[in-house]
Amino acid sequence: GQQVMQIPQYQHVQEGEDFTTYCNSSTTLSNIQWYKQRPGGHPVFLIQLVKSGEVKKQKRLTFQFGEAKKNSSLHITATQTTDVGTYFCAGRPTGANNLFFGTGTRLTVIP
Amino acid sequence: NAGVMQNPRHLVRRRGQEARLRCSPMKGHSHVYWYRQLPEEGLKFMVYLQKENIIDESGMPKERFSAEFPKEGPSILRIQQVVRGDSAAYFCASSLGTSHTYEQYFGPGTRLTVT
């Protein structure tokens with residue numbers, strides 16, 4: 001069945017260090033979305049990538065969609081304590097109706 | 001503009017009872033999705049509905065679980081004869097169109113505890 005995996009599952013970084021989470025799908029995706037969930041909160045949409053090889057930036061966050069549209073990454077430069085939370089990718093396989101969420105990467109930022 | 005509303009926020013049920021979870025989508029949104037999240041785990045898709053129609057229920061257990069999104073009123077996720085394994089956070093999300101085009105807006109979730 002369709003699976004969207006993320007690595008790492010957990011990441012502890014010192015404040016100011018960079019952070020990257022990787023998302024891999026077993027099948028080609030029409031698009032991929034990224035969400036952030038703060039501890040005790042609900043997922044909040046960050047961005048959507050649609051084109052092969054697409055790169056988008058939001059301040060310190062850089063999102064990439066792989067050339068084969070099977071993988072994606074989120075990179076945070078110079079992490080801050082406000083970046084704490086779990087980051088989920090969510091991909092829609094070609095022809096499918098719904099999104100498949102990745103397993104998530106929980107980021108802890110040590111002040 | 002109010003966001004996605006879910007109630008109750010916390011629900012405690014004894015084994016064998018029924019749980020009813022409600023979700024009011026954002027104004028203007030006609031697409032609703034339900035997800036289940038176990039502690040320390042990701043979001044598992046359950047069901048996708050449009051007004052009065054179930055579009056995809058491939059993630060929902062075939063027994064005890066049902067969902068509806070009537071013409072008027074909120075979407076309801078119903079769990080009959082709850083068991084301890086049903087304890088989880090249940091999130092509802094809504095979107096303006098199908099998920100491949102539009103982002104999903106999540107509600108605050110309902111934390112279900114089965115004792």
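Small disclaimer: the values here were computed from a predicted structure and weren't measured. Numbers restart at 1 for each chain; the letters A, B, ... are given by sequence-line order, proteins then strands.
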Side chains of A:Thr21 and A:Trp34: do they bring a donor and an acceptor to under 3.5 Å? no

Looking only at A:Gln37, A:Gln9, A:Gln6, the option with the highest number of non-hydrogen pairs under 4.5 Å against chain B is A:Gln37

SG (B:Cys23) and CG (B:Leu77) are apart, to the nearest 0.5 Å, by 9.5 Å

**Prompt:** If we ignore angles and hydrogens, is there a donor and acceptor under 3.5 Å between the side chains of B:His31 and B:Ser95?
**Reply:** no

Practice prompt. List the steps, then state whether side chain to side chain contact (heavy atoms under 4.5 Å, CB included) holds for B:Phe91 with B:Val4.
Written response: CA-CA 10 Å; B:Phe91 289 97; B:Val4 178; over 6 Å; no

Among residues 101-111 of chain A, those lying within the under-4.5 Å heavy-atom range of chain B are A:Phe101, A:Gly102, A:Thr103, A:Arg106

Could you check whether the rings of B:Phe45 and B:Tyr35 sit parallel, tilted or perpendicular, using 30° and 60° as the cut-offs? perpendicular

* To do: On the 0 to 90° scale, with breaks at 30° and 60°, tag the B:Tyr33-B:Tyr48 ring pair as parallel, tilted or perpendicular.
  => parallel

